[in-house]
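Have a look at the structure that comes next, please.
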Amino acid sequence: ILKFYKMNQEQILLKVPLVECKNSGIHGMGVYAKEDIPKGIKLIEYIGEVISKEEGNRRADEQEKKSKKNPEYGRVYIFDLNKKYDLDGNFSWNLARFINHSCKPNCKYKQEGNRVWIASKRNIKKGEEITYDYDYDLEDYKEHICKCGSDNCIGFIIGKSYWKKFRELNAENKQVN
């Protein structure tokens with residue numbers, strides 16, 4: 001059974017008074033704090049349609065093709081929920097899809113069953129862009145250039161848990177060349 005989490009725009013705005021969408025210095029649209037936000041607060045739920053892995057892969061491939069034609073499109077809006085299901089957040093009523101990746105994020109995602117929340121991992125100032133680590137693995141990493149501009153930016157949208165392996169691979173490649 002597939003579940004579909006849908007809210008209209010007015011319901012979303014009532015549920016996420018702490019954030020707003022506007023143009024981002026990182027990429028396309030971004031999500032920004034409307035007021036100071038303390039550490040440990042669930043800011044917004046990443047909502048969408050719970051779909052099978054097979055359908056998730058199909059939609060991700062389709063979105064990838066669109067983004068190659070128009071770089072303003074986001075590349076991936078699919079969250080991996082478990083071995084059977086993904087969460088597709090590529091819907092106009094999912095404001096959380098506009099949250100950009102950063103190598104030095106101020107938020108993290110928290111999964112609770114089939115629900116995904118974006119929560120502050122430190123105090124966030126009013127007007128600051130909301131970001132989190134997308135936690136991508138090293139597969140096709142060259143396709144995902146990071147534009148976060150943080151002082152520790154690794155250059156690609158790679159989860160921090162993969163940074164050590166990424167650096168090892170780059171060191172090996174430099175020795176070969």
From Y46 OH over to Y77 OH, what is the distance, rounded to the nearest 0.5 angstrom?
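OH of Y77 is found 7.5 Å from OH of Y46.
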How close do N152 and C103 get, counting heavy atoms only, and between which atoms?
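Shortest heavy-atom contact: ND2-O, 3.3 Å.
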For V50 and D86: C-alpha separation, side-chain torsions, deciding distance, then whether side chain to side chain contact (heavy atoms under 4.5 Å, CB included) applies.
CA-CA 6 Å; V50 177; D86 288 335; over 6 Å; no
Working to the nearest 0.5 angstrom, can you tell me the gap between L95 CG and I47 CD1?
7.5 Å
For the residue pair H144 and Y136, is the inter-centroid distance of their aromatic rings smaller than 6.0 Å?
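Yes: the rings meet the under 6.0 Å criterion.
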Working to the nearest 0.5 angstrom, can you tell me the gap between L87 CG and R115 CZ?
11.0 Å
What is the distance from atom NZ of K104 to atom CD1 of I154, rounded to the nearest 0.5 Å?
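Between K104 NZ and I154 CD1, I get 14.5 Å after rounding to 0.5 Å.
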So, Y32 and E129: side-chain donor and acceptor under 3.5 Å apart, yes or no?
yes
Do F166 and Y141 have ring centroids that are under 6.0 Å from one another?
yes
Minimum-distance pair of heavy atoms, taken over all atoms of L43 and S120
CG-N, 4.4 Å
Are S24 and N100 close enough that a side-chain donor and a side-chain acceptor fall under 3.5 Å?
yes
Determine, for E112 against K42, whether the closest basic-nitrogen to carboxylate-oxygen distance falls under 4.0 angstrom.
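A salt bridge is present here (some side-chain N lies under 4.0 Å from a carboxylate O).
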Out of I130, I37, N123, which residue meets the side-chain contact (heavy atoms from CB on, under 4.5 Å) rule with N106?
I130
Side-chain contact test, heavy atoms from C-beta onward, threshold under 4.5 Å: evaluate it for S161 versus D135 and give yes or no.
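When only atoms from C-beta onward are counted, D135 and S161 do touch, with a gap below 4.5 Å.
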For F79, run the ring-ring contact (aromatic ring centres under 6.0 Å, His included) check against Y109, Y85, W117, Y134 and tell me which one passes.
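Per the ring-ring contact (aromatic ring centres under 6.0 Å, His included) rule, the option paired with F79 is Y109, out of Y109, Y85, W117, Y134.
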With heavy-atom distances below 4.5 Å as the criterion, would you say the side chains of L138 and K165 are in contact?
yes
Got a salt bridge between D133 and K108, using NZ or NE/NH1/NH2 to carboxylate O under 4.0 Å?
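No salt bridge links D133 with K108.
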So which heavy atom on H101 is nearest to which on C146, and how close?
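Scanning both residues completely, I find the closest heavy atoms to be CD2-SG, 3.6 Å.
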Quick one: does I145's side chain get under 4.5 Å of I157's, heavy atoms only?
no
Does I118 share a hydrophobic cluster with L81, counting links as ILVMFWY side-chain heavy atoms below 4.5 Å and allowing steps through other members?
yes
Indicate yes or no: does E55 engage R58 in a salt bridge with an N to O separation below 4.0 Å.
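Yes, this pair counts.
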Determine, for E54 against K84, whether the closest basic-nitrogen to carboxylate-oxygen distance falls under 4.0 angstrom.
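Here E54 does not pair with K84 in a salt bridge, since their nearest N and O are not under 4.0 Å apart.
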Tightest non-hydrogen contact, residues A96 and E45, listed as CB-O, 3.8 Å
With rounding to the nearest 0.5 Å, note down the distance linking CD1 in I41 to CD1 in I44.
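These two atoms lie 14.5 Å from each other.
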Check step by step if side chain to side chain contact (heavy atoms under 4.5 Å, CB included) holds for D36 and I124.
CA-CA 6 Å; D36 289 347; I124 300 170; over 6 Å; no
Can you tell if the side chain of V19 reaches within under 4.5 Å of the side chain of K34, non-hydrogen atoms only?
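The answer is no, as the side chains (C-beta and beyond) never meet within the 4.5 Å cut-off.
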Contact between I78 and I51 at the side-chain level, heavy atoms closer than 4.5 Å - yes or no?
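They are in contact (side-chain heavy atoms under 4.5 Å apart), so the answer is yes.
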Regarding R59 and D88, does a basic nitrogen lie under 4.0 Å from an acidic carboxylate oxygen?
yes
Going from OH on Y132 to OG on S102, what distance comes out if it is rounded to the nearest 0.5 angstrom?
12.0 Å
